[in-house]
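Each remark here refers to the structure printed beneath this line.
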Amino acid sequence: MKNILFDCDPGHDDAIALFEALAHPQELNLLGVSTVGGNQTLENVTKNAQHILSAAHAKVELASGQDRPLVKEFYPATNAHGDSGMDGPVFKGTDYNYPISSQNAVTFLRKKIQLTSDLVTIVATGPLTNIALLLKTFPEVKDSIDQIVIMGGGLSHGNITKAAEFNIWTDPEAAKIVFTAGIPIVMAGLDVTERAYITYDEIQTFKGQGSVSEIVYELLSFYYESGKQFGFKNSPIHDLCTISYLLDPEMFVGETYSVDVVTDDSSARGMTIADKRLLPENKNSTFVLLDVQREKYRDLLFKAIASLN
Ligand code: BDR
Ligand code: CA
């Protein structure tokens, strides 16, 4: 059983990842969910998290965190995720009643780590602002963190720019703090997440199967359509790689590198660079996921969602 803290910015793919995590209470002890400004404003992504947690009848605590990157301006991903950050499904007004902690996510995460006797895994599927602040403000928590599993970056290409992936590009200063903190990192970047897709026909199979399936159908239908503007013929469910990795690491292959983040104002801002030399300069250890058995990935999702209906 792994203790998990899930920091996210829902986000269609964050929502799917959250559902898959909630569907595995035997394997994943979800200690808390926190939100960070990213795909949309902090207010919007927190509402979206409330919707998802309500829909799954979850009992996990939710806290909201930072509403903008550490240094630069905030640019939400409205083109990919719509005005709400999770356009597609229509939720009932009552879903806003899901409780939100009075603590800021950074103190919330620290408390949860302190109160847990075993090591904790952090899953981060949005910009790394909350996690960087946690590590800088309360460095003692590092000893209690087993690993940080991140959706972000990419060794071969970017998506928001030629060089950078959206989550890292949104807050490169935060990402640099996290990648170089000395904690084992698993990086699910675009190298693997663009191979972790679902097809149009597979999305149709969620229709009419139950309440959570219906939400997943609406989410993925919107995401599939919005993905076309970026040239996708199928829909990569980026953030789901984090939870799927924790549930079944064998379905992934990867390599360990020392990874750094470009924070200067060049066209490479937000780029993740692996030191592939035999004798790397720094020794930080990032396990970079590079490929996935897609059918296994898809089937794990099908099973998870069916169990939540
Ligand atoms: C990442 O950016 C966001 O838009 C998605 O939710 C995902 O976390 C993909 O680049
Ligand atoms: Ca996300």
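Values in this document were obtained by computation on a predicted structure and should not be read as measured data. What you see below is based on every heavy atom in this structure, not just the backbone, and it leaves out hydrogens, waters and symmetry mates. Order of listing sets the numbers, starting from 1, for every ligand and every atom in it.
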**Prompt:** Hey, is E140 close enough to R110 for a salt bridge, meaning N to O under 4.0 Å?
**Reply:** yes
**Prompt:** Which pairs count as side-chain hydrogen bond (donor to acceptor under 3.5 Å, both in side chains) when at least one residue sits in residues 270-279, sequence neighbours excluded?
**Reply:** D275-R277, R277-E281
**Complete:** Near the Ca ion (ligand 2), protein N/O/S count under 3.0 Å comes to 5
Less than 3.5 Å apart, which donor and acceptor atoms pair up between the side chains of residues 118-129 and the rest of the protein, not counting sequence neighbours?
| from | atom 1 | to | atom 2 | distance (Å) |
| --- | --- | --- | --- | --- |
| T125 | OG1 | D14 | OD2 | 2.8 |
| T129 | OG1 | D171 | OD2 | 2.8 |

Between ligand 1 and the protein, which N/O pairs fall short of 3.5 Å?
| from | atom 1 | to | atom 2 | distance (Å) |
| --- | --- | --- | --- | --- |
| ligand 1 | 4 (O) | N39 | OD1 | 2.6 |
| ligand 1 | 4 (O) | H81 | NE2 | 2.8 |
| ligand 1 | 6 (O) | D13 | OD1 | 2.6 |
| ligand 1 | 6 (O) | D13 | OD2 | 3.3 |
| ligand 1 | 6 (O) | D14 | OD1 | 3.1 |
| ligand 1 | 6 (O) | N39 | ND2 | 3.0 |
| ligand 1 | 6 (O) | D239 | OD2 | 3.1 |
| ligand 1 | 8 (O) | T125 | O | 3.1 |
| ligand 1 | 8 (O) | N167 | ND2 | 3.0 |
| ligand 1 | 8 (O) | D239 | OD1 | 2.6 |
| ligand 1 | 8 (O) | D239 | OD2 | 3.1 |
| ligand 1 | 10 (O) | N159 | ND2 | 2.9 |
| ligand 1 | 10 (O) | E165 | OE2 | 2.4 |

**Message:** Could you check whether K112 pairs with E61 (Lys NZ or Arg NE/NH1/NH2 to Asp/Glu carboxylate O, under 4.0 Å)?
**Reply:** yes
**Prompt:** Do D291 side-chain atoms and G254 backbone N/O form a donor-acceptor pair below 3.5 Å?
**Reply:** no
**Prompt:** Are Y98 and H51 an aromatic pair by the rule of ring centers under 6.0 Å?
**Reply:** no
**Prompt:** Do the rings of H238 and F232 sit parallel, tilted or perpendicular, given the 30° and 60° boundaries?
**Reply:** perpendicular
**Prompt:** Do S84 and Q40 have side-chain N/O donor and acceptor atoms under 3.5 Å apart?
**Reply:** no
**Message:** I'd like to know if the side chain of T199 pairs up with that of D201 as donor and acceptor (distance under 3.5 Å, no hydrogens or angles considered).
**Reply:** no
